[in-house]
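This report refers to the structure that appears directly beneath it.
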Amino acid sequence: MNNGKICVSVCAETGIEFIENIKQAAEFADVIELRFDCLQTNEIENAIENLPKIDKHYLATFRPKEQGGKRELSLGERLKFWESLLWANKDKIFWVDFEFDMSFVVNLQKTLTIASSHNFSGVPENLSATYEVFSITNADVLKTAVQANDITDSITVWKLLECAKKDNKQIIPIAMGEAGKWTRILGLAHGAFMTYAALDAGRETASGQITARDLIDTYRVKELDEQTEIYGIVGNPVSHSVSPFMHNAAFKLHNLNAVYIPFEVKNLNEFIAKFISEETREIELNFKGFSVTIPHKQAIIKHLDSIDETAKAIGAVNTVKIVGGKLHGYNTDAHGFIEPLTNAYGDLKNAKVAVLGGGGAARAAIYGLIKEGAKATVFARDLEKGRSLAEQFKIQNLGVKNQNESYDNFDIVVNATPLGLIGELENETPAVAEQIKNVHLVYDLIYNPFETRFLREAKSVGIPTVGGLAMLVAQGAAQFGIWTGKNAPLKEMSQIALHKLQS
Ligand code: NAP
């Protein structure tokens with residue numbers, strides 16, 4: 001448990017909507033930021049008069065465009081706003097957030113004052129100097145928000161927490177953007193005064209903002225502390241991953257002081273050097289492990305101290321466990337692939353399985369199938385890839401079939417291509433009904449959408465199906481076991497993953 005606060009920003013053009021949003025924000029927020037710059041000018045006075053009396057702190061903000069506000073505002077307009085409107089209503093507005101320049105001009109009165117600075121293009125070189133200037137204002141709290149174009153950009157702003165601690169000052173350090181999301185999740189645990197949240201998905205007032213519901217229910221940000229074990233998903237992109245929801249639900253059910261965070265990492269070497277490696281890291285976050293996803297599943301191998309037999313044979317690592325500073329690599333994709341398949345089909349010994357695709361997922365699937373005694377055949381459009389897979393695993397390799405060629409000789413057909421994936425490929429399928437009408441089971445590794453066109457083709461001719469969500473959950477559950485030594489709550493992980501995919 002920490003002492004930090006969750007601030008929900010309210011930004012609406014009309015007074016009615018503004019008040020509605022405030023009532024909604026009150027469900028989650030300790031502090032409600034009233035973004036007066038969002039309101040039409042003629043709505044401001046009315047909105048202030050009608051502010052609901054609630055048991056939360058109101059924080060007034062009137063941001064000019066260059067600082068992330070909704071409109072152009074001259075210094076004069078801003079001064080007028082603060083002096084005439086705010087102070088006339090100071091019984092209703094308790095806390096204020098000024099831009100840096102204002103904190104020298106406006107008489108701060110006896111209210112909590114935040115002096116804030118925003119940089120939307122990157123991290124200014126003089127960030128520490130900004131901090132020094134803040135120290136000589138009368139502001140109670142410094143808010144400094146910078147844009148993290150890469151995860152390593154967030155380190156400088158994070159380090160201000162240490163400076164503030166030494167100087168006995170309050171600070172809100174934020175790295176905006178997907179790559180800085182972790183600062184919004186972990187800030188309170190490391191002494192940040194407050195973290196900002198969006199009222200709802202799609203209503204973010206800054207890039208990388210997380211909804212208040214997710215900050216509280218998924219990431220449990222107010223329960224975290226410096227001892228919290230850190231896990232996460234390392235990849236690019238990670239913004240649509242459902243893994244944080246699955247793993248955090250599992251941590252919560254087991255009552256573990258642990259959190260799982262999306263880490264958008266472009267440069268893996270830099271990430272390992274600056275966040276993970278005991279010898280070179282620049283910040284202390286108590287990392288205990290992470291999932292690895294595209295495009296780093298192979299690149300991570302050179303950073304490991306050990307790699308298990310499965311990961312070595314597949315040539316890819318999707319799980320890292322950190323023990324005493326050493327990194328141990330595993331691959332749970334093969335297990336994740338096999339478990340739902342045996343649940344649906346039974347014993348796979350001698351089952352004839354067509355694996356469509358020759359990438360990483362196909363490789364894990366083939367490894368798992370061979371271990372189970374199945375007879376796998378790979379169908380890859382890149383003949384060279386197919387040939388090399390076939391050679392390594394000593395299986396048959398055939399070119400991609402036309403839609404008039406059937407899979408009649410197979411018991412199971414597995415889609416390990418992105419055909420059918422949400423987005424541009426959603427209406428595609430690696431095989432049509434006619435081709436698969438005589439097989440016993442169809443397995444699509446794609447989990448978004450939950451039901452792909454390939455699965456619909458199979459269902460239309462009465463063939464049983466397994467979707468990719470089952471594999472996603474099973475590989476995640478195996479990761480949870482590796483990290484914690486505990487049984488993963490499969491049912492809850494599955495339910496939350498499905499809910500997130502469908503919302
Ligand atoms: P990958 O390494 O990029 O491999 C994709 C394979 O599909 C490659 O062999 C690629 O051929 C082939 N392919 C791409 N477009 C194709 C097309 N239009 N026609 C025929 N083949 C095509 O990706 P991956 O990691 O193996 O993932 C494959 C799928 O499995 C993805 O949709 C992913 O979402 C899903 N997956 C699911 C889980 C889960 O937990 N459920 C886990 C991992 C992956 P080229 O080499 O010629 O490009």
Side-chain angles (χ1 to χ4, degrees), residues 233 235-238 240-243 245-247 291-300 311 314-319 331-341 343-344 354-368 376-390 392 397-403 405 413-432 435 442-455 465-480 488 490 493-494 497-498 500-501:
I233 180 160
N236 184 26
V238 290
H240 293 108
S241 172
V242 295
S243 294
F245 299 97
M246 288 198 307
H247 284 292
S291 311
V292 187
T293 190
I294 287 170
H296 303 312
K297 283 186 178 184
Q298 278 95 36
I300 188 70
I314 296 170
V317 163
N318 79 331
T319 310
N331 189 309
T332 65
D333 282 335
H335 165 84
F337 169 80
I338 291 295
E339 192 174 87
L341 187 55
N343 287 346
V355 177
L356 317 185
R363 187 172 278 277
I366 292 165
Y367 174 84
T377 301
V378 60
F379 293 83
R381 69 172 176 185
D382 179 334
L383 293 176
E384 186 45 42
K385 257 190 197 171
R387 200 186 52 76
S388 120
L389 257 179
Q392 184 192 345
N397 159 41
L398 296 171
V400 173
K401 280 185 189 283
N402 294 322
Q403 289 202 347
E405 295 176 302
V413 182
V414 177
N415 176 31
T417 78
L419 293 170
L421 194 63
I422 195 160
E424 280 173 14
L425 298 174
E426 197 164 343
N427 293 323
E428 307 275 331
T429 179
V432 292
Q435 292 177 275
V442 154
Y443 187 2
D444 199 337
L445 304 196
I446 292 173
Y447 55 84
N448 196 7
F450 179 65
E451 188 178 76
T452 59
R453 178 169 160 207
F454 184 46
L455 296 184
T465 60
V466 179
L469 187 70
M471 172 174 172
L472 179 77
V473 174
Q475 64 77 32
Q479 294 184 316
F480 184 83
L490 268 174
M493 287 170 84
S494 183
L498 181 61
K500 280 292 151 192
L501 287 172

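Note that these values count all heavy atoms, side chains included, but never hydrogens, waters or copies made by symmetry. For ligands, and for the atoms within them, numbers begin at 1 and follow the listed sequence.
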Leu419 touching ligand 1 at heavy-atom level, < 4.0 angstrom: yes
Heavy atom of Ile446, distance to ligand 1 below 4.0 Å: yes
Nearest heavy atom to atom 25 (O) of ligand 1: which of Gly420, Pro340, Gly357, Ala361 does it belong to? Ala361
Selected option - heavy-atom contact closest to atom 16 (C) of ligand 1, from Glu384, Arg381, Glu428, Met471: Arg381
Between [X] and ligand 1, is there a nitrogen or oxygen pair with a distance under 3.5 Å?
X: Ile294; result: no
X: Val400; result: no
X: Leu445; result: yes
X: Leu421; result: no
X: Lys297; result: no
X: Asp333; result: no

Counting only heavy atoms, which portion of [X] has something under 4.0 Å from ligand 1: side chain, backbone, both, or neither?
X: Ala416; value: backbone
X: Leu425; value: neither
X: Arg363; value: neither

Return the closest protein heavy atom for atom 14 (C) of ligand 1 as residue, atom name and distance. Pro418 CD, 3.2 Å
Are Tyr367 and Phe337 close enough that their ring centers fall under 6.0 Å? no
For [X] versus [Y], what's the shortest heavy-atom pair and its separation?
X: Ala362; Y: Gly357; result: CB-O, 3.1 Å
X: Gln435; Y: Gln403; result: CG-O, 3.3 Å
X: Asp444; Y: Asn415; result: OD1-ND2, 2.9 Å

Would a distance-only check, ignoring hydrogens and angles, find a side-chain to backbone donor-acceptor pair under 3.5 Å from Arg453 to Asn427? yes
Reference residue Leu356; test side-chain contact (heavy atoms from CB on, under 4.5 Å); the match among Val413, Val414, Leu419: Val413
